[in-house]
Amino acid sequence: MDLISLYPTWYEPTVGSGWVIALIATFHVLASHTSVGAALLFAYLSNKAYREDREDLLEFIKKYGLFLMVFTYVAGSITGPGIWYSTTVASPSGIGSLIHSFVWKWAAEWVFFVIEVVGVYMIVYLVGKVDKKTHMKITVIFGIASLATMLIIVGILSFMMTPGKEIWFEQGGFLNAFYGTNTFIQTFMRIAFMFTMTAVVGGIVVAGIKDPAFKKEMARKLGGLGIISTLTGAALFQWYLTAVPDQALLVMENRLPEYFGPSIIGVIVITITYFIVTMWQPKFVIESFAGFMAIVILVLGLWPEEVARESMRKPWVAGQYVYSNQIIGRDVPGMGIKSQLPIIEKIGILKAHPFTPDALRTVNEGNKIQAGEFITMVYCSNCHSPSKTGIRPLHRYFPEGIDQARMEKYVKGVLTTGNIAYMPKMPMLDSEIEALSAYLVLNKKGGQTAINKAIESEVNARNHTALKTSVHTTRTTANAQQEAK
Ligand code: HEC
């Protein structure tokens with residue numbers, strides 16, 4: 001039988017699986033970037049503390065380090081596996097493709113991560129217990145290990161947008177997958193924004209400093225760092241846009257929500273204003289204000305960034321060959337990977353999918369809505385929520401009063417052909433087009449209530465037939481037995 005490698009679909013009706021991942025990932029980026037930036041800041045400060053023989057700088061590192069341990073390391077260590085769990089169920093083929101290309105990279109990253117976690121404890125607890133020079137050495141190792149985790153992960157993240165080099169499709173090879181223009185620019189951009197986060201979160205630690213002169217010094221240092229890194233990051237973002245696939249630019253230009261542009265500019269202005277205020281009047285920096293501003297800046301800045309990154313990759317989720325709906329849509333000779341589209345074109349998605357319930361493998365009058373619902377879950381739900389809420393709810397994209405004939409024409413003309421750049425090609429047999437269209441029309445007209453009712457009557461009718469058949473078989477068997485006697 002021609003089955004393709006697909007997994008059961010994970011569907012989260014309220015917000016959609018995509019947003020569950022985005023939520024976890026946003027927290028993770030916040031925690032991880034803040035820690036890596038802080039690690040480099042610590043290396044600088046500890047060096048200065050050694051050279052100028054200053055206790056107060058080490059005290060500052062200790063306080064900031066403790067804050068990181070309690071907040072970002074705990075949050076990072078919970079959300080990190082959270083990303084693994086959520087992406088594995090929401091996007092199993094996508095994560096599979098990354099593991100196939102990068103398993104040893106990830107192993108290496110975890111080695112550095114272990115050094116990082118041990119390092120942060122050492123840095124905090126050894127202040128005052130070892131001499132300044134030893135402390136500086138530990139801090140430098142900690143900084144290098146932290147930066148290494150980031151350098152490794154950025155290569156993997158940029159592969160999700162596009163493999164490093166085009167030649168990877170033909171030849172494979174993990175360096176071809178890993179290194180490309182996109183990787184380098186994204187690395188610089190993330191380093192810049194990472195320092196912004198470190199400076200913003202550092203404000204909370206600065207707020208707790210008692211000595212006014214030292215508070216002023218640290219507020220100025222962090223403010224300066226924040227302003228420079230924010231402006232550099234914004235400039236690098238413009239450069240980054242030159243290194244993403246054309247398709248991503250198309251989605252950026254046409255498909256990002258209208259609030260996107262203004263909100264990014266707004267966040268940059270708020271951030272820089274905040275840093276200027278802290279540099280100019282350090283006494284305004286009290287814990288509640290600094291904490292509040294950290295949340296505002298980080299959430300407002302990171303959320304649109306994560307949404308954009310998710311949207312720009314469409315229709316792919318990884319390597320420009322795994323579609324967001326988990327179907328492999330392109331041959332990759334270098335990895336021995338074959339597109340799954342020809343098989344689906346031949347036998348239909350219902351027969352090709354290994355987890356289609358037996359009763360739905362062939363569309364008929366008795367299972368149309370259920371089959372349509374199954375196809376929607378498999379093909380669309382990763383990007384469009386079939387319910388009223390969540391990510392790009394399907395019902396919003398169809399005009400009022402659309403009927404079966406018009407729906408079929410759209411599904412056949414647009415969706416099965418892959419004519420829209422940001423959606424996958426989704427081949428279907430005519431009977432499947434009919435089933436999907438019937439479901440989508442009902443979804444538009446009556447929503448979930450209408451669908452549940454239709455499915456209930458389909459199931460009842462099937463059970464009724466099944467009952468009749470089984471009664472019939474029992475009777476025939478009984479008759480046969482009687483006759484045999
Ligand atoms: C890879 C993700 C993805 C998948 C899978 C996907 N879509 Fe889309 N679809 C999009 C994006 C992105 C848009 C643009 C949405 C926007 O601008 O808000 C879109 C837009 C649409 C539109 C609006 C038409 C237009 O011209 O823009 C319709 C209708 C639609 N999708 C239906 C579907 C149906 C039905 C399925 C499943 C059979 C599906 N999509 C699968 C990503 C996807």
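Both counts, for ligands and for their atoms, begin at 1 and track the order of listing.
- Atoms of ligand 1 lying under 4.0 Å from any heavy atom of Tyr410, numbered from 1 in the order shown and given with element: 22 (C), 24 (C), 28 (C), 29 (C).
- With atom 8 (Fe) of ligand 1 as the vertex, atom NE2 of His384 and atom SD of Met423 span an angle of 170° (nearest 10 degrees).
- The shortest separation from a heavy atom of Asn382 to ligand 1 is not under 4.0 Å, leaving the residue out of contact.
- Glu345 and Lys425 are joined by a salt bridge, as a carboxylate oxygen and a charged side-chain nitrogen come within less than 4.0 angstrom of each other.
- Of all the atoms in ligand 1, the ones that sit under 4.0 Å from a non-hydrogen atom of Leu415 are 34 (C), 35 (C), 38 (C).
- Interface of Asn325 with ligand 1, defined as ligand atoms under 4.0 Å from a residue heavy atom, comprises 5 (C).
- Here Cys383 fails the criterion, with no N, O or S atom under 2.8 Å of atom 8 (Fe) of ligand 1.
- The shortest heavy-atom contact between Ala192 and Leu236 is CB-CD1, 4.2 Å.
- Atom numbering of ligand 1 starts at 1 in the shown order; those under 4.0 Å from a heavy atom of Lys314 are 1 (C), 2 (C).
- Which parts of ligand 1 touch Pro424 is read off a 4.0 Å heavy-atom cut-off, strictly below it: atoms 1 (C), 3 (C), 4 (C), 5 (C).
- Only the side chain of Leu440 comes within 4.0 Å of ligand 1, counting heavy atoms alone; its backbone N, CA, C and O stay farther away.
- The aromatic ring centroids of Phe355 and Phe374 lie 6.0 Å or more from each other.
- In this structure, of Trp316, Tyr323, Tyr397, Tyr439, the residue bringing a heavy atom nearest to atom 23 (C) of ligand 1 is Tyr397.
- Closest of all the heavy-atom pairs between Gly94 and Gln326 is N-OE1, 3.2 Å.
- Between Ile297 and Val267, the shortest heavy-atom distance links the atoms O-CG1, 4.0 Å.
- The proximity of Val411 to ligand 1, defined as any non-hydrogen pair under 4.0 Å, does not occur for either the backbone or the side chain.
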For residues 406-415, tabulate all N or O donor-acceptor pairs below 3.5 Å that involve a side-chain atom, not counting sequence neighbours.
unit_1	atom_1	unit_2	atom_2	d
Glu408	OE2	Gln404	NE2	2.6
Lys412	NZ	Asp430	OD1	3.1

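- Of all atoms in ligand 1, numbered sequentially from 1 with element shown, those under 4.0 Å from a heavy atom of Ile420 are 25 (C), 26 (O).
- Judged by distance alone, the side chains of Thr14 and Thr389 never bring a donor and an acceptor atom under 3.5 Å apart.
- Residue-ligand proximity, Phe398 to ligand 1, at heavy-atom distances under 4.0 Å covers atoms 29 (C).
- At a 3.5 angstrom cut-off on N or O pairs, Ser324 does not count as close to ligand 1.
- When Phe174, Tyr179, Phe159, Phe178 are each tested for a ring-ring contact (aromatic ring centres under 6.0 Å, His included) with Trp168, only one passes: Phe159.
- Closest heavy-atom contact between Gly329 and Tyr323: CA-CE1, 3.6 Å.
- Under 4.0 Å from ligand 1, not a single heavy atom of Val414 appears.
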Does the pair Ser5 and Gln340 meet the rule for a side-chain hydrogen bond (donor to acceptor under 3.5 Å, both in side chains), with working shown? CA-CA 9 Å; Ser5 60; Gln340 298 172 332; 3.2 Å; yes

